[in-house]
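Report on the structure given below.
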Amino acid sequence: MKRSMYAGRVRKEHVGQEITLKGWVGRRRDLGGLIFIDLRDREGIMQLVINPESVEADLMARAESLRSEFVIEVTGTVVEREQANNNLPTGAVELQVTSLTVLNTAKTTPFEIKDIKDGNGPSDDMRLRYRYLDLRRPEMLNNFKLRAAVTHSIRNYLDDLEFIDVETPMLTKSTPEGARDYLVPSRVSKGHFYALPQSPQITKQLLMNAGFDRYYQIVKCFRDEDLRGDRQPEFTQVDLETSFLNEVEIQEIVEGLIAKVLKDTKGIDVALPFDRMPYDKALNLYGSDKPDRRFDMLLQDLTELVKEVDFKVFSEAPVVKAIVVKGAADNYSRKDIDKLTEYAKQFGAKGLAWVKVDKGELAGPVAKFLTGITENLTEHLQLEDKDLVLFVADELEIANNTLGALRNRLAKEQGLIDDSKFDFLWIVDWPMFEWSEEEGRYMSAHHPFTLPTEETAHHLAGDLAQVRAVAYDIVLNGYELGGGSLRINQKDMQERMFKALGFSSEDAHEQFGFLLEAMDYGFPPHGGLAIGLDRFVMLLAGEDNIREVIAFPKNNKASDPMTQAPSTVAAAQLEELALSIELENE
């Protein structure tokens, strides 16, 4: 029979109606001859009642045979429950079953199909191995309903602003200046490879040259890089590009998009415009280019204050910076601080100095060296009793990175973060380049098509550290939500950029000749931005790993326990592609 409605949508107004429901057995309970079944579908749970006094014996036998995750079809009459369950939207009613068909049986599942917010569920790999079962859990279904609502809201907003949705190729040319590409060998052109796109960056710029003016795409991107909680080898981004707009106008469009999504999906009104913070300020105050402002604990520069102390670690250091963990002195033993010290060393710090405030006095290993400046230090840091102060004395970059990481860790440990807040922030005035120790040269901080500021472009032939970009990142609660820039649209400037990055003229034309050629044909001023859709939905859902909002993600080894991808392929396939595999000796 045709399903009347979703089980999770049956309500009191349906009392007296005969309906047909279909779904999975969540639980079966036998009580005094009556059989109660929790029927689950994507919209929720509905209680079924099977009374041996009002059904045939064969129906009762089928009901007694039911086990968890059997797929069934039932028909019956909706009645009011004698004892309502206020924890369920359907808790005021139940279905008195008159017909039951088993559509499919099920083996005992490797884990119970229930929400696991308490952390007592199966391992991550077990969940990924049986992802089709994991996705049955109501909290996972809700995440994907949210994701669908987010993308729907985004499309409506951009369509209303006359953006054109354009698909760009999945098989592209491999180019440098980014993460490692995923390569796809060509059967037709043996020895040649496509690359899966890290983003549609160049193609969307070419769409601007084609006169599309406003483009968007919700698109898959691929990067072969080390994984973490907010990163996957394949991910989805909301990709935008516009012509003839400046950076503030682009940012205003993105702010409107974000405000609409939060209103449509969470019922939250977002105050516009978002704050803007220079890149250097973010690093100096928060130790991060994606600061979490939902709590205080700012980094404070003590370099001048400690110049005269009799402690060479401080007095001779390029920079001395500190954070104050308010009221936490008794929460951290020496052993705990030793653990923080080992954590700090992961970010290049040589060590971690510390003091505690005890009844107006400083206590701890370095307290004796600070006696001469105790009053000034107390005033500068606004110290109070039971405060814990952590110092890093090192190069500026190391001090910022270390204390920024400690700041985030300590805030979580001390419960300082208000998870109900959505704090959006633009990071602007970015450096154009960043030094790569691995490459031994400057690399693009964003990508080599970013427009340098007029004031600093002349440094492209000199000190690259002085070049600033017309670039901007949007940050949400300590995560980089997206990033963008104005792009170079003139050939001579693009060639200067390639030269600054170490490309010879021949290399630049080999890699990007089609883009340079396009610049000969009236390339308009343009710019855009890409938002990480997975991260955005993750944060809206209150999750801390994007695997929770991606249907079939990879584990932290970039593999899929369900399909066993990546896997070996047949020798005949390799031969057809003119490839051979050479394994390193173990």
Side-chain angles (χ1 to χ4, degrees), residues 1-118 120-122 126-127 129-145:
M1 294 181 64
K2 181 179 179 181
R3 179 169 59 183
S4 305
M5 63 183 69
Y6 286 115
R9 291 181 179 171
V10 184
R11 296 292 186 269
K12 203 168 184 178
E13 59 263 29
H14 298 115
V15 168
Q17 295 183 19
E18 183 179 77
I19 62 173
T20 297
L21 304 176
K22 303 181 184 186
W24 286 262
V25 175
R27 188 171 55 150
R28 191 201 77 191
R29 307 181 304 283
D30 295 357
L31 298 175
L34 297 175
I35 294 179
F36 293 89
I37 296 167
D38 288 343
L39 180 70
R40 186 189 72 246
D41 62 20
R42 70 169 225 186
E43 294 301 316
I45 292 174
M46 175 70 182
Q47 179 169 284
L48 314 179
V49 181
I50 303 173
N51 189 335
E53 296 180 0
S54 57
V55 299
E56 299 293 334
D58 61 336
L59 190 155
M60 199 67 191
R62 287 196 299 277
E64 290 172 346
S65 74
L66 296 179
R67 300 291 182 268
S68 293
E69 302 311 308
F70 276 32
V71 187
I72 63 174
E73 171 186 321
V74 292
T75 298
T77 303
V78 181
V79 299
E80 287 194 54
R81 288 176 65 163
E82 291 184 6
Q83 294 182 329
N85 181 351
N86 295 325
N87 294 322
L88 286 177
T90 61
V93 293
E94 60 191 13
L95 188 73
Q96 288 187 340
V97 175
T98 56
S99 172
L100 184 154
T101 302
V102 177
L103 302 176
N104 211 340
T105 61
K107 294 169 56 177
T108 301
T109 55
F111 50 83
E112 191 175 351
I113 309 299
K114 67 174 184 176
D115 288 348
I116 54 172
K117 286 288 188 183
D118 56 7
N120 294 323
M126 177 67 78
R127 291 177 57 202
R129 166 68 179 83
Y130 297 97
R131 187 63 164 180
Y132 44 85
L133 297 178
D134 187 50
L135 290 172
R136 290 183 187 175
R137 295 188 297 106
E139 65 183 4
M140 294 299 287
L141 280 167
N142 288 336
N143 283 351
F144 286 92
K145 288 181 187 177

Listed by chain and number, what are the side chain to side chain donor-acceptor pair (under 3.5 Å) partners of [X], not counting sequence neighbours?
X	result
Asn143	Glu543
Thr20	Thr75
Arg27	Asp38
Thr98	none

Can you confirm whether [X] sits close enough to [Y] that some side-chain heavy atom of one is under 4.5 Å from a side-chain heavy atom of the other?
X	Y	result
Ser54	Gln96	no
Ile35	Leu66	no
Glu69	Ile113	yes
Arg40	Arg136	yes
Val10	Leu95	no

Could you give the distance from [atom1] ([X]) to [atom2] ([Y]), rounded to the nearest 0.5 Å?
X	Y	atom1	atom2	value
Arg28	Ser65	CZ	OG	8.0 Å
Glu73	Leu39	CD	CG	11.0 Å
Arg127	Met140	CZ	CE	5.5 Å
Arg11	Met5	CZ	CE	10.0 Å
Ile50	Arg62	CD1	CZ	9.0 Å
Tyr130	Leu135	OH	CG	15.0 Å

Report all side-chain donor-acceptor pairs from residues 100-109 shorter than 3.5 Å, counting only partners two or more places apart or in another chain.
from, atom 1, to, atom 2, distance (Å)
Thr109, OG1, Phe111, O, 2.8

Residues that Glu139 engages under salt bridge (charged side-chain N to carboxylate O under 4.0 Å, His left out), provided they are two or more places apart:
Arg137
Can you sort out the partners of [X] under side chain to side chain contact (heavy atoms under 4.5 Å, CB included), two or more places apart, ordered by chain and number?
X	result
Arg129	Tyr132, Pro561
Asn142	Lys145
Leu141	Arg42
Glu56	Asp58

Please answer whether the main-chain N or O of Asp41 pairs with a side-chain N or O of Lys22 as donor and acceptor at a distance below 3.5 Å.
no
Mark yes when over 12 heavy atoms from residues, nucleotides or ligands other than Glu13 sit less than 6.0 Å from its CD; otherwise mark no.
yes
Tell me the closest heavy-atom pair linking Met126 and Pro122, and the distance in Å.
CG-CB, 3.8 Å
Listed pairs under 3.5 Å, donor-acceptor, residues 76-92 side chains, sequence neighbours left out:
from, atom 1, to, atom 2, distance (Å)
Arg81, NH2, Gln47, OE1, 3.3
Asn85, OD1, Asn87, N, 2.9
Thr90, OG1, Ile45, O, 2.4

